[in-house]
Amino acid sequence: MRKLLTTLIILIVVCSCTHQKKTFVIGVSQCSGDIWREKQNAELLMSSYLHDNVELKFATAYDSDQRQVQQIDSLVKSGIDLLIVAPNQIATITPAIDRTYDSGIPVIVFERKTDSHKYTAFISADNYQMGRQMGEYIAKKLGGSGRVMEIMGLKGSSPAIERHKGFQDALLRHPGITTVATLQGDWTQQSAYTAVKQWAESTSKAAPLVVDYVFGQNDRMAMGARQALTEDSTIARLPRFCGIDALPDQNGGIRLVRDTILDASFIYPTHGDRLLQLALNILGRQPYEKETHLMSALVTRDNASVLLMQAEEVMRQTAYLNQLHQQADTYLRQLDSQRTATWLFVGLIVLLLLTIILIYNYFIQKATLAQERTKIEREQLDFYTQVSHELRTPLTLIEGPLQQLGQTPDLKQASPQALSMFDIVSRNTRQLSELINKMLNFTKENSHTVTALQDEGLRIKDESNNSSALIPQPSSTVEGASETSLLLIVDDNADIRSYLSTILRNRYQLLEAADGKEGLKIANEQVPDLIISDVMMPVMNGLQFCQNIKDNLATSHVPVILLTARALSKHQIEGYRSGADAYITKPFQPDVLQARIENLLRQRQHLHDLWNENGATASPNPSEGRGDAIEQLVRPPLPSGGGREDASGEAPFIQRFRQVVETHMSDSDLSVESIGSSLGLSRVQLYRKVKALTGLTPVEQLRKARLTRARHLLATTDLTISEVAYQVGFTAPSYFTKCFKEEFNMLPGEVKKG
């Protein structure tokens, strides 16, 4: 009941929350913090009011390259969806912008450019045109003759570079105009004041300083130059001053032009609304222009008053909209409170309904107690059956060794008394085996009997298991075989492993593992020829182990024999569905196990023979088709039913092996390691798998494929022997000729076109 109440309260709180999660997070990296930037940020924020799915994150570098790089990296790390950036300088900020773009985040560069083309869109006024038009305006005012001073913005920033170029290009058309100085500032009024002061002090005082016009690349630097020249007593007359920005605030350029403090300025548009709309078009996958140039206009005393009135009206409307937005936020908070109260009321109703449902469920549960008791009794019977199964393991360790002991010459020479005792033990062992088989057919008993048998079964169960690491056993070659097969024994019972090793070690190489997880590791590393596994084991049972073996590309071809005490039909079905190739129940006859092992290994050898026979009987005429060795790998001899799948179901692997070899056949550096890497296998895994499936090593298959391809090329093309040798991956034509002779018993030059 308490859990239901907690869940209900959480549900109410979550549902009552009306603040919509922001869909898009946009980072804004400003290079500086002047009034122009503040106006643009205000426009961005105002525009975001119209979009509930937008969150803006602002960062200002205050003319510091290092700080802006850190801020950009921090914005990216915080998880923004798009970056809007005005780089402080071209070269220094470009790497940070490139990193952002390369990480998959769209980038909008505004107002200033970078050294790279790694950006999604660029939006700005045309700085070159502003500089050029300001130059033409000054030239017109001077009548084509006069002395001009220019004060540039931050060194290395794109607006400073472009405005300077446009200004100078305009003055070049008027040879009578002389640029007396081009000074370096950093967009601040103080930088222009200092630069002009230093210039004036370093200029010869032989004659009064004469400057007709001063062009500051923004209004603040124009005002700094005006202050410095006003204080200089050597100036012949105070020049006229022009700037760029023309902001409408109290100390902005429009007012300065209207009040004749500046002669002219140029509106450098902020357009935060267009900037945000461009970002939303990119994020919403809507059409957009990669390069956008904003409109600007020259401000003189003729139009300054009108422009100022318009700007003040816009500012009043903006303030009004901000007020409306604040009121809307207040109303939304009130709505949230009302909605929370409504949800609490709904929650009380739901709680009442839940109480009624719980009472109803109580009576339903009481009515189903009889069914639960029946289920418990059935589970007890299953447990009893499972314990009975475990009796087969120690019985195997008794019956098997007894049978082997009875076949030894020493027992035949034993005394009559010893033979009599041996007969008694053997007879009672058989009786015990029959008794267990009858117990496994048990279907119905009272619960008291089941409980008593459970306790007895737990007492009888062998708990003497211990883990074993990888233990290679001594091996000897089976008579008539050229290579001893490698077997893996997986069983949590050390005695069973020891017994199996005793009956198998003279015929095979052996590996051991104490559970399925350990066995899986050994199988992946060693790739045995056959696996014998128990089913009921700790850590990983035999069914899971078998399934993993068959699902793993490196071991899917390895036959698996499940040797287990689980003898019911449903258990055998589970075993075969997990991929087992054989299912043998305990206690077992050693001869039966050995015969089953030999049969599975013989089937694998028979498959090798069929593959080799198929390759040997391929068409001797190369003009009939390629027929190369790799083609034979995925085209084994047709079984009697006419199917195309090989006996092991491994044709998909061989097909992949063939594709890798065919694709890289001309590469003379192609190795077993590179083939294995393409297939996701180690060198050992690839070697043992290909060897197990085809009877040939990967190197032999690769060489056979190259030689067969070469024979085809020699017969069907005009390529020389050397060209063919290099084309199929041989680095030396002489070695190719030697291998060709060994494979086909003929020289490459003897091959003729069909």
Side-chain angles (χ1 to χ4, degrees), residues 30-32 34-37 40 63 86-91 93 109-115 122-142 148-174 177-189 191-193 195-196 199 211-226 239-247 252-254 256-257 262-271 291-300:
Q30 295 280 18
C31 57
S32 60
D34 52 57
I35 56 178
W36 189 91
R37 309 285 171 187
Q40 186 178 62
D63 302 313
N88 192 46
Q89 289 184 307
I90 291 179
I93 310 300
V109 178
F110 73 94
E111 196 256 322
R112 301 184 180 186
K113 295 182 178 179
T114 72
D115 269 344
F122 172 79
I123 180 170
S124 173
D126 193 332
N127 285 288
Y128 174 84
Q129 287 298 325
M130 284 191 289
R132 186 183 63 80
Q133 291 184 35
M134 188 59 73
E136 292 175 352
Y137 171 80
I138 292 175
K140 181 179 179 181
K141 285 290 185 178
L142 291 175
V148 176
M149 174 188 293
E150 181 185 12
I151 307 171
M152 297 181 61
L154 180 66
K155 185 177 182 180
S157 63
S158 63
I161 296 171
E162 292 174 354
R163 291 175 187 179
H164 170 72
K165 189 175 187 307
F167 182 73
Q168 293 299 322
D169 286 351
L171 295 184
L172 287 175
R173 300 173 58 187
H174 302 277
I177 297 178
T178 303
T179 301
V180 298
T182 299
L183 306 181
Q184 185 67 57
D186 62 3
W187 303 117
T188 63
Q189 182 171 336
S191 68
Y193 174 85
V196 173
W199 172 82
V211 179
D212 299 306
Y213 259 96
V214 175
F215 169 46
Q217 287 192 352
N218 69 1
D219 294 338
R220 287 175 294 164
M221 291 195 299
M223 290 300 297
R226 180 184 176 90
R240 297 180 182 181
F241 298 86
C242 297
I244 290 178
D245 277 349
L247 293 173
I254 297 181
L256 295 175
V257 173
L262 293 180
D263 183 70
S265 184
F266 219 101
I267 295 177
Y268 192 49
T270 51
H271 278 307
E291 302 280 346
T292 302
H293 291 287
L294 303 174
M295 297 296 295
S296 56
L298 183 67
V299 179
T300 64

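This chain uses plain numbering: 1 for the first residue, then up along the sequence.
Scanning for salt bridge (charged side-chain N to carboxylate O under 4.0 Å, His left out) contacts around D126 gives an empty result, with sequence neighbours left out. Taking the salt bridge (charged side-chain N to carboxylate O under 4.0 Å, His left out) definition, one finds that R220 meets it with D34, sequence neighbours left out. For the side-chain hydrogen bond (donor to acceptor under 3.5 Å, both in side chains) test, no residue two or more places apart in sequence or in another chain qualifies with S157. For F110, there are no ring-ring contact (aromatic ring centres under 6.0 Å, His included) partners two or more places apart in sequence or in a different chain. Under the salt bridge (charged side-chain N to carboxylate O under 4.0 Å, His left out) criterion, E150 pairs with no residue at all, not counting sequence neighbours. For K165, the side chain to side chain contact (heavy atoms under 4.5 Å, CB included) criterion is met by Y128, D169, not counting sequence neighbours.
For the residue pair R37 and Q40, no side-chain donor N or O sits within less than 3.5 Å of a side-chain acceptor on the partner. Between the side chains of Y268 and N218, no donor N or O sits under 3.5 Å from an acceptor N or O.
Taken to the nearest 0.5 Å, the CZ atom of R112 stands 6.0 Å off from the CG atom of L154. Taking CD1 of I138 as the start and CG of L171 as the end, the distance is 7.0 Å to the nearest 0.5 Å.
Side-chain contact between D263 and Y213: present, with at least one pair of heavy atoms (C-beta onward) separated by less than 4.5 Å.
A salt bridge does not link K140 with E136: every distance from a Lys NZ or Arg NE/NH1/NH2 to an Asp or Glu carboxylate oxygen is 4.0 Å or more.
Closest heavy-atom contact between L262 and D219: CD1-OD1, 3.9 Å.
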